[in-house]
Amino acid sequence: MSAVVSPIREPLIEGGKSYHQISEDLCSPTERTPSLAWVAAFMVAVTFLALYVFCVTWTIWQGIGTWNLNRTIGWGWDITNFVWWIGIGHAGTLISAILLLFRQRWRTGVNRAAEAMTIFAVMCAGQFPLIHMGRLWLGFFIFPYPNTRGPLWVNFNSPLLWDVFAISTYFTVSLLFWYSGLVPDLATIRDRSKGMRRKIYSFFAFGWTGRAKHWQRFESLALVLAGLSTPLVLSVHTIVSFDFATSVIPGWHTTIFPPYFVAGAVFSGFAMVQTLMVMTRKVLKLEQYITLNHIDSMNKIILVTGTIVGVAYLTELFIAWYSGYIYEQFAFYNRVMGPYFWSYIGMMGCNVISPQLFWSKKIRRSLFWTFFMSIFVNIGMWFERFVIIATTLARDYLPSSWSYYVPTWVEIGLFLGTLGLFFTLFLIFVRVAPVVAVAEVKQILKVAGDQYAGKHSHQPSAHSETHH
Amino acid sequence: MDTAQKEVLFGLYDDEEVLLDAVRKAKGDHLEIMDVFTPFPVHGLDPALGLEESRLHIAGFIYGAIGTLFAFGFMTWVFTRDWPIIFGGKPYWSVPAFIPITFELTVLFSAIGMTVTFFTICGMWPGVNNPTLDDRITDDKFCIAFNTNGQSKTEVDRLKSFFKETGASEVNTKVI
């Protein structure tokens, strides 16, 4: 066959793989006994999950009074964490949907894990608005169901309700997209296994056979779901930003919020993907599938979105000054110079200044720097949400009601606990399903494998010789 | 799927290019292919097999349109007929405020509808066990299958020689 041999594009799959070798490499992590590193990580994650369960129980048993929210500052760590997690949950769909539409082949190395990460992050995010209600058992009030009070409907004009719809839709669609893509790969594991294991994977593989017609429909489904997810992923964080932007609080009431939230979400999402991928590729020995080229591409996206976020911060400051509106001016003066100035410095340092290091190709391709920076960006993005939420509320219109807020151990425990929930789910996922999309990698092998294109293309491997 | 038992003669190929050539040759020789199974979607296979384009996306559009009408219609009914309330001095029928939920439900209906349709028309569902010809089809083998029910020996031999000519690495039979 005549593969397009490009001297410019680097191979995305290294090691001269055959189709069988790909199945072997990608499915075997689910088949062998977990490594010591996995067991250790899982135990730590489950410990934090236990802390989460304890803190949620404590909050519900004792009431929201166990948090340090007060009359002035009604949203603290809870909503900060919610927006942070939702933001992280944006990279998966961006990678799988937008990069599918743009035909970016490097997505195949990371899309499956990123989608899983998205789903787990949205699950973590969803916890906070629910427990923040205080009376969790009345949580179903947020849905417009026929009730005996009239029926009295929910307020469809409220951005908080839009949020309910946006996040539940986002979660559902991401889950469908992820699982429908996973089915052929579960069938691969099914056909490799025996006994009880085969029965379990048969159940979850839905009876996939690989018929030509099924693959055709499968691709049609993937393409339309990608087309639907693309505006969806943009809408979700836009609607989250409406929670703030449609209010009349100075510092929140701005039209820049939707694009700036979306860019920030992609930024933090990719950072979390990097955190996970740098570890996963090492532990599961997937360096030939998640290559430095993939890491480099994602770092470029971090650089671009980080810069967009930086421009947004500066635009906000400029517009506050230029508006001539003293309340808006004060809100921003307070962010930079007020009691929470340290969080503004954290935000600016981690989100705007540090990603600029990625202009250097050497740093973009260094695993150490990538990991280090991904943690930095995640911290910075958490600070961003804290700055927007707590700092703004702490200094409202009436100086007599100004206040300061520090979280209690319960609020800190809830945040650390959701990290436990997230990593527990992710660690289970890497044990039960292939972290890299098996069928999709095989599909691009001939255009992006190193025996066909790129570095080693002048040395035809045994595989390509047999067939051409 | 047919419930009747079928005798299937199938050949396994090691490469999708070889498979594509074989499918084209089978079409040229007027051999009736029962099915082709591959480990990943092979581009160019649909036209070679003469498969029509999937109409799944049309279904997706219809589901989405139902979602749009349902969401917008429901909110309109609630706020103009069932229980009109004034929020923030805005009109009862405040169309711009309905857009986010209308959009979300359009996407939700379309995605759920399409996925359910996809699995249903493919005869796939949790726990379903469709018979497979060979375990390696989901790994690295590309398979062309012929239904040999009630075929004479000469016809079967013709198929076998077809497999040989087109470079199949293995030829097997199975009753499914």
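All values derive from a computational prediction rather than experimental measurement. Proteins come first, then strands; the chains are lettered A, B, ... in the order of their sequence lines, and each starts at number 1.
Between chain A and the residues Arg55(B), Lys141(B), Met75(B), the largest count of heavy-atom pairs under 4.5 Å involves Met75(B). When the candidates Gly127(B), Ala59(B), Ser110(B), Gly60(B) are compared by the number of heavy-atom contacts under 4.5 Å with chain A, Gly127(B) comes out ahead. Taking Thr238(A), Leu225(A), Val224(A), Leu228(A) one by one and counting their heavy-atom pairs under 4.5 Å with chain B, the maximum is reached by Leu228(A). Taking Ser180(A), Pro151(A), Ser229(A) one by one and counting their heavy-atom pairs under 4.5 Å with chain B, the maximum is reached by Pro151(A). With respect to chain B, the highest number of heavy-atom pairs below 4.5 Å among Thr246(A), Ile189(A), Leu221(A), Val173(A) belongs to Leu221(A). Between chain B and the residues Gly150(A), Gly227(A), Pro184(A), the most heavy-atom pairs under 4.5 angstrom are made by Gly150(A). With chain B as partner, the option from Arg217(A), Gln21(A), Glu219(A) having the largest number of non-hydrogen pairs under 4.5 angstrom is Arg217(A). Most heavy-atom pairs under 4.5 Å with chain A, from the set Thr132(B), Val107(B), Thr106(B): that is Val107(B).
The environment of His57(B) atom NE2 is dense: over 12 non-hydrogen atoms of other residues, nucleotides or ligands sit within 6.0 angstrom. Residue Glu53(B) qualifies as open at atom CD: its count of foreign heavy atoms under 6.0 Å is 12 or below. With a 6.0 Å radius and a threshold of 12 heavy atoms from other residues, nucleotides or ligands, Phe87(B) has its CZ atom above the threshold. For NZ of Lys199(A), the number of neighbouring non-hydrogen atoms (other residues, nucleotides, ligands) closer than 6.0 Å is 12 at most. Within a 6.0 Å sphere centred on NZ of Lys174(B), heavy atoms belonging to other residues, nucleotides or ligands number more than 12.
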For this session: Mind running side-chain contact (heavy atoms from CB on, under 4.5 Å) on Asn129(B) and Phe203(A) for me, showing each step along the way?
Result: CA-CA 8 Å; Asn129(B) 250 322; Phe203(A) 183 84; over 6 Å; no

For this session: Give the C-alpha distance, both sets of side-chain angles, the deciding distance and a yes or no for side-chain contact (heavy atoms from CB on, under 4.5 Å) between Met124(B) and Val183(A).
Result: CA-CA 10 Å; Met124(B) 289 165 53; Val183(A) 162; 3.7 Å; yes

For this session: Decide side-chain contact (heavy atoms from CB on, under 4.5 Å) for Asp139(B) and Asp191(A); before the verdict, give the C-alpha distance in whole Å, the side-chain angles of both, and the deciding distance to 0.1 Å.
Result: CA-CA 8 Å; Asp139(B) 179 8; Asp191(A) 291 345; over 6 Å; no

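Trp208(A) and Thr138(B) are not linked by any side-chain donor-acceptor pair at a separation below 3.5 angstrom, with hydrogens and angles left out of the test.
In this structure, chain B has heavy atoms under 4.5 Å from both the backbone and the side chain of Phe218(A). Contact annotation for Arg190(A): only side-chain heavy atoms (C-beta onward) come within less than 4.5 Å of a heavy atom of chain B. Using a 4.5 Å cut-off between heavy atoms, Phe142(B) contacts chain A through its side chain alone, with no backbone atom that close. Contacts of Ile121(B) with chain A are made by both backbone and side-chain atoms, with heavy-atom separations under 4.5 Å.
Pairing each heavy atom of Pro39(B) with each of Lys442(A), the nearest pair is CB-NZ, 4.3 Å. Nearest heavy-atom pair, Ala212(A) versus Asp46(B), reported as atom, atom and distance to 0.1 Å: O-OD1, 4.4 Å.
Phe40(B) has its side chain out of reach of Val441(A): every pair of non-hydrogen atoms, C-beta onward, lies at least 4.5 Å apart. Contact of the Tyr19(A) side chain with the Arg136(B) side chain is not registered, since no non-hydrogen atoms from C-beta on lie closer than 4.5 Å. Counting heavy atoms from C-beta outward, Leu108(B) and Thr172(A) have side chains that approach closer than 4.5 Å. Phe118(B) places none of its side-chain heavy atoms less than 4.5 Å from the side chain of Ser220(A). Counting heavy atoms from C-beta outward, Leu56(B) and Gln216(A) have side chains that stay 4.5 Å or more apart.
A donor-acceptor distance shorter than 3.5 angstrom exists from the side chain of Asn130(B) to the backbone of Gly207(A), with no hydrogens or angles considered. Distance alone, capped at 3.5 Å, places no donor-acceptor pair between the Lys213(A) side chain and the Asp35(B) backbone. With Trp215(A) contributing its side chain and Thr38(B) its backbone, the two residues share a donor-acceptor pair below 3.5 Å.
Under the rule for a side-chain contact (heavy atoms from CB on, under 4.5 Å), the partners of Ile144(B) that lie at least two apart in sequence or sit in another chain are Tyr13(B), Leu19(B), Ala22(B), Val23(B), Ile33(B), Val36(B), Phe146(B), Phe163(B).
Note on residues 76-97 of chain B: no pairs pass salt bridge (charged side-chain N to carboxylate O under 4.0 Å, His left out), not counting sequence neighbours.
One finds the OG1 atom of Thr188(A) at 10.5 Å from the CG atom of Asp135(B) (value rounded to the nearest 0.5 Å). Distance check: Ser54(B) OG to His214(A) NE2 gives 11.0 Å after rounding to the nearest 0.5 Å.
Look at Asp15(B) and Lys446(A) and you find a salt bridge, because one of the NZ, NE, NH1 or NH2 atoms lies within 4.0 Å of a carboxylate O, short of that distance.
Listed by sequence position, Ser94(B), Ala97(B), Phe98(B), Pro100(B), Ile101(B), Phe103(B) are the residues of residues 91-103 of chain B in contact with chain A, using a 4.5 angstrom heavy-atom cutoff. Along residues 152-161 of chain A, the residues that come nearer than 4.5 angstrom to chain B, judged on non-hydrogen atoms, are Leu152(A), Trp153(A), Val154(A), Asn155(A), Phe156(A), Asn157(A), Leu161(A) in order of number.
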